[in-house]
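These notes are about the structure you will find just below.
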There are 2 protein chains.
Amino acid sequence: MDVADDIARDVRSGVFAPGMWLKQIDLEQRYGCGRTEVRRALDYLAQKRLVQHVPNRGYHVFLPDGDRAAHILELRVILETAAVDSVIAQSTAAEIERIRGLARQFDEAILNGTILDQYEANLAFHRGLLGLCPNPELLNLVTELRGRTSSALAGQWSTRARVEQSSREHHDMVDALAAGDAERLRDVIATHIRQPQRK
Amino acid sequence: MDVADDIARDVRSGVFAPGMWLKQIDLEQRYGCGRTEVRRALDYLAQKRLVQHVPNRGYHVFLPDGDRAAHILELRVILETAAVDSVIAQSTAAEIERIRGLARQFDEAILNGTILDQYEANLAFHRGLLGLCPNPELLNLVTELRGRTSSALAGQWSTRARVEQSSREHHDMVDALAAGDAERLRDVIATHIRQPQRK
DNA sequence: GTGCATCATATTGGCACCAATTTTGGCAAA
DNA sequence: TTTGCCAAAATTGGTGCCAATATGATGCAC
């Protein structure tokens, strides 16, 4: 699903505004592919709830729904804090350093990268952390959940203060992980995930 | 997605054995629909991981993977036990009676229903219980996770002892809910979900 | 008799066309 | 000026056809 990823990226980066109708002909030309592939990609994204399908009308970018986003963030809190114990159990010095490196790459993206770079670096950090959990399905699921709410993130991530706080929290997580402090790691993760929903 | 549901039902009920190749022409004739609809349904089911897509080869029903099933069951334990507190908080006498009724309908399905009836009744019970949770996305997610492992269930549910134990556990859950005993409800739910993976 | 290359067959996957439905623009009437 | 209606344009969704690809069988060489 290559075209689907392209569309998803453009949705996340704000090229396609929330609520905007995605005409199949436009997508066909924009990505240089056939109608079949466009339809398949749109169906895929509709199932991932990034776009919404209205029969005989077409597909439009999902409108950000504050309640739904909050609910999905709560699911992420549940899953990611539930993984903490096994993450700490599986962590080695080398792994901790690798994750610290990912936190630093996020800092780097804040300084010199685009919004999308920051998004990717943040994703890489969280994937690196959750990757220690011996349940690979948990990582898959959290990644999928993240994809369901990210369309609204473009605006949320815009302030510098917020991304810098995210950076601090990343390093807090690594420190808590290195200290083997499960309780603190859970707290930091919970506040970190819930952060974007502050009004 | 009507055809997709039909195919899913046939996969769950064992008409299509695990690993079996699903030829588009056969499905087209079996369900009396066009190729387009078959392809959409197969793509949909591939994303739900009920079938697997191999380019230029086709789609075959997912082979049961013990490790993956166990991992997904653990995710269900995490999510469904995490919902317990809010479920108890939201429960009223009327709701508890309604859920007890669903447990009785499962008993009824054991006596007089097919395997598929039992599956549906079990699903209805769990949906009824989780429906009390104020986070609707949690119910959606658990339902989806349940769908990801059910292809292997046909064999697991075959013994009478097992379904009867499931029935007892359902009633235990209702009792714990009525008593407001969160700890016990969590325990019962956890053992109930993990039950099928006993070797 | 066995292994390998080749060819026939069956199946998938994309493309172009066509029908069905919705939206848009214009026109007339109140 | 506004409102309702009708026609035209645009867009979606489905059907049929054809190329690309994998599979299995056949025949040939060793």
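Note that this is a predicted model, so its numbers are computed, not measured. The chains referred to below are lettered A, B, ... by the order of the sequence lines, with proteins before strands, and numbering in each begins at 1. The basis for the numbers below is simple: all heavy atoms, side chains too, and nothing from hydrogens, waters or symmetry mates.
Checked against side chain to side chain donor-acceptor pair (under 3.5 Å), Gln90(B) has no partners two or more places apart in sequence or in another chain. Taking His53(A) as the reference, Tyr59(A) meet the ring-ring contact (aromatic ring centres under 6.0 Å, His included) condition, with sequence neighbours excluded.
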Between Arg148(A) and Glu144(B), is the salt bridge (Lys or Arg N to Asp or Glu O under 4.0 Å) condition met? List the steps.
CA-CA 14 Å; Arg148(A) 290 188 190 175; Glu144(B) 189 187 320; 3.1 Å; yes
Dump the intermediate steps for salt bridge (Lys or Arg N to Asp or Glu O under 4.0 Å) on Asp85(A) and Arg186(A), then the final yes or no.
CA-CA 9 Å; Asp85(A) 285 331; Arg186(A) 272 192 288 268; 3.5 Å; yes
Verify side-chain hydrogen bond (donor to acceptor under 3.5 Å, both in side chains) between Glu137(B) and His71(A), making sure each step is shown before the conclusion.
CA-CA 6 Å; Glu137(B) 295 297 327; His71(A) 287 147; 5.7 Å; no
Apply side-chain hydrogen bond (donor to acceptor under 3.5 Å, both in side chains) to Asp172(B) and His192(B), showing your working.
CA-CA 10 Å; Asp172(B) 283 350; His192(B) 181 71; over 6 Å; no
Between Glu28(A) and Lys23(A), is a salt bridge (Lys or Arg N to Asp or Glu O under 4.0 Å) present by the stated rule, with each step listed?
CA-CA 9 Å; Glu28(A) 186 178 356; Lys23(A) 282 185 281 194; over 6 Å; no
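By the 4.0 Å N-to-carboxylate-O rule, Asp6(A) lies close enough to Arg9(A) to be salt-bridged with it. Between Glu97(A) and Arg100(A), at least one side-chain nitrogen of the basic residue sits less than 4.0 Å from a carboxylate oxygen of the acidic one, meeting the salt-bridge criterion. Between Arg40(A) and Asp43(A), no side-chain nitrogen of the basic residue sits less than 4.0 Å from a carboxylate oxygen of the acidic one, so the salt-bridge criterion is not met. Ion pairing of Asp5(B) with Arg12(B) is absent here, as no side-chain N (NZ or NE/NH1/NH2) approaches a carboxylate O to less than 4.0 Å.
DNA chain D lies under 4.0 Å from at least one heavy atom of each of the following residues of residues 51-60 of chain B: Asn56(B), Arg57(B). Across residues 28-39 of chain B, Arg35(B), Arg39(B) each have a non-hydrogen atom less than 4.0 Å from an atom of DNA chain C (numbered order).
Relative ring orientation between Phe125(A) and His170(A) is described as parallel, the plane-to-plane angle staying below 30° on a 0-90° scale split at 30° and 60°.
Of all nucleotides in DNA chain C having an atom under 4.0 Å from a heavy atom of chain B, the first and last in 5' to 3' order are dT11(C) to dG14(C). In summary, contact between chain A and DNA chain D, defined as any nucleotide atom under 4.0 Å from a heavy atom of the protein, begins and ends at dT11(D) to dG14(D) in the 5' to 3' direction.
When heavy atoms are screened at a 4.0 angstrom cut-off, Leu42(A) is found touching no nucleic acid atom at all.
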